[in-house]
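In what follows, a single structure is set out as structure tokens and then discussed.
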Amino acid sequence: NYTPVSYNRGIQYVVIHTVEGSAAGAISWFKNSSSNVSAHYVVDYSGAITQMVQDKDIGWHAGNWDYNVHSIGIEHAGYAYKNYWTTAEYQQSAALTRWICLTYGVPMDREHILGHVEVPGATHTDPGPYFDWNYYMSLVKNEPSDPSTSYKAMEVTTTELNVRTGPSTS
């Protein structure tokens with residue numbers, strides 16, 4: 001449920017969504033070809049992040065084609081009209097949004113980090129009235145206190161990869 005592209009999409013926005021259910025439910029729904037919807041990432045209450053669509057491809061999440069082309073969509077477990085947002089969900093989503101902004105040159109402001117409700121022509125109301133934009137944006141704009149929690153994108157093009165937790169020859 002995405003459009004593959006081979007050109008630079010010119011990422012300008014991050015669109016914040018609410019699943020209206022669980023992260024597992026969203027992941028399952030996005031895998032269903034008849035759903036005709038997707039987002040680039042899904043964030044669970046625990047803060048676990050699942051990538052559903054590669055950043056280079058167009059996710060079908062915003063309900064506005066131009067915004068789909070120029071944005072990355074992040075779905076969150078929960079409901080727009082229930083205050084179930086967790087600290088871990090906010091923190092990991094904000095770290096992901098910060099990484100997206102730094103990677104693609106998206107300004108870290110509310111003109112470029114939008115709720116689905118703010119997309120022109122939107123028919124959805126997510127992330128809803130309980131989403132704490134002030135808290136979220138403060139997390140997005142702040143450097144992590146622990147540099148080891150920073151994210152860095154890497155593309156692996158091999159059939160075998162050794163991953164180490166520290167210096168080692170084994």
Side-chain angles (χ1 to χ4, degrees), residues 1-5 7-27 29-30 35-144 151 153:
N1 296 327
Y2 66 93
T3 303
V5 297
Y7 57 87
N8 182 336
R9 298 191 300 120
I11 304 299
Q12 299 172 24
Y13 306 100
V14 177
V15 181
I16 304 299
H17 301 269
T18 305
V19 170
E20 297 306 307
S22 70
I27 291 165
W29 187 236
F30 291 163
S35 74
N36 291 316
V37 293
S38 64
H40 293 86
Y41 298 93
V42 178
V43 183
D44 195 1
Y45 289 127
S46 68
I49 298 171
T50 302
Q51 185 168 15
M52 299 300 300
V53 175
Q54 292 185 52
D55 291 357
K56 69 178 188 66
D57 294 327
I58 300 169
W60 303 344
H61 62 94
N64 174 317
W65 185 250
D66 191 50
Y67 275 74
N68 280 344
V69 170
H70 298 290
S71 69
I72 290 181
I74 304 175
E75 286 279 1
H76 297 81
Y79 302 85
Y81 289 93
K82 294 183 181 177
N83 192 10
Y84 291 161
W85 294 92
T86 68
T87 300
E89 191 174 22
Y90 274 120
Q91 290 174 340
Q92 294 305 308
S93 174
L96 174 60
T97 295
R98 179 179 181 76
W99 176 85
I100 292 166
C101 290
L102 292 171
T103 300
Y104 299 106
V106 176
M108 291 184 216
D109 60 36
R110 287 286 287 118
E111 289 75 40
H112 296 89
I113 302 170
L114 310 170
H116 190 181
V117 67
E118 297 164 317
V119 172
T123 59
H124 292 243
T125 59
D126 57 312
Y130 295 105
F131 187 77
D132 188 341
W133 280 108
N134 290 332
Y135 176 57
Y136 188 75
M137 292 304 296
S138 73
L139 292 171
V140 169
K141 292 177 182 181
N142 286 329
E143 291 286 345
Y151 293 97

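- One distance of note links CD1 of I74 with OG1 of T97; it measures 3.5 Å at 0.5 Å rounding.
- In this structure a side-chain-to-backbone donor-acceptor pair under 3.5 Å is present from N64 to P120.
- By the 4.5 Å heavy-atom criterion applied to side chains, T18 and E20 are counted as neighbours.
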Test Y41 against S93 for side-chain hydrogen bond (donor to acceptor under 3.5 Å, both in side chains), laying out the working first.
CA-CA 9 Å; Y41 298 93; S93 174; over 6 Å; no
Candidate pair V119 and Y13, rule side-chain contact (heavy atoms from CB on, under 4.5 Å), full reasoning:
CA-CA 10 Å; V119 172; Y13 306 100; over 6 Å; no
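- Here the shortest heavy-atom pairing between V117 and A122 reads O-CB, 3.8 Å.
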Would D55 and I11 count as a side-chain contact (heavy atoms from CB on, under 4.5 Å) here? Give the steps.
CA-CA 9 Å; D55 291 357; I11 304 299; over 6 Å; no
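- Looking at residues two or more places apart in sequence or on another chain, you find no side chain to side chain donor-acceptor pair (under 3.5 Å) involving S22.
- Proximity of F30 to V53: side-chain heavy atoms (C-beta onward) are nowhere separated by under 4.5 Å.
- The backbone N or O of L139 sits nowhere less than 3.5 Å from a side-chain atom of Q91 that would complete a donor-acceptor pair.
- In this structure, a donor-acceptor pair under 3.5 Å is absent between the side chains of N68 and Y2.
- Relative to the ring axis of Y84, K82 does not place its NZ or CZ within 45° and under 6.0 Å from the centre.
- Under a 3.5 Å cut-off, the side chain of E89 and the backbone N or O of A77 do form a donor-acceptor pair.
- Considering only heavy atoms from C-beta on, I16 comes within 4.5 Å of W133 through its side chain.
- For the residue pair H61 and S71, a side-chain donor N or O sits within less than 3.5 Å of a side-chain acceptor on the partner.
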For H17 and V19, what are the C-alpha separation, side-chain angles and deciding distance, and is it a side-chain contact (heavy atoms from CB on, under 4.5 Å)?
CA-CA 6 Å; H17 301 269; V19 170; over 6 Å; no
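- For the pair T3 and W65, the minimum side-chain heavy-atom distance is below 4.5 Å.
- In this structure, the side chain of H76 does not engage the main chain of V42 through any donor-acceptor pair within 3.5 Å.
- Atom CD of Q54 sits about 9.5 Å away from atom NE2 of H40, to the nearest 0.5 Å.
- Nearest approach of V5 to K56, heavy atoms of both residues: CG2-O, 2.7 Å.
- Remark: I27 CD1 to Q51 CD distance equals 11.5 Å, nearest 0.5 Å.
- Taking CG from L96 and CD1 from I72, the interatomic distance works out to 8.0 Å, rounded to the nearest 0.5 Å.
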Working for side-chain hydrogen bond (donor to acceptor under 3.5 Å, both in side chains), residues N8 and Y104
CA-CA 10 Å; N8 182 336; Y104 299 106; over 6 Å; no
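- The minimum heavy-atom distance between G73 and A39, with the atom names listed, is O-CB, 3.7 Å.
- The minimum heavy-atom distance linking P129 with A80 is given by the pair CD-O, 3.2 Å.
- Expressed to the nearest 0.5 Å, how far CG of D126 lies from CD of E118 amounts to 10.5 Å.
- Closest of all the heavy-atom pairs between W29 and S35 is O-OG, 2.9 Å.
- Taking D109 as the reference, H112 meet the side chain to side chain donor-acceptor pair (under 3.5 Å) condition, with sequence neighbours excluded.
- A donor-acceptor pair under 3.5 Å is formed between the side chain of S38 and the backbone N or O of W60.
- Between G10 and H70, the shortest heavy-atom contact is O-ND1, 3.2 Å.
- Taking the ring centroids of F131 and Y90, they lie under the 6.0 Å cut-off.
- D57 CG to M52 CE: the interatomic distance, rounded to the nearest 0.5 Å, is 13.0 Å.
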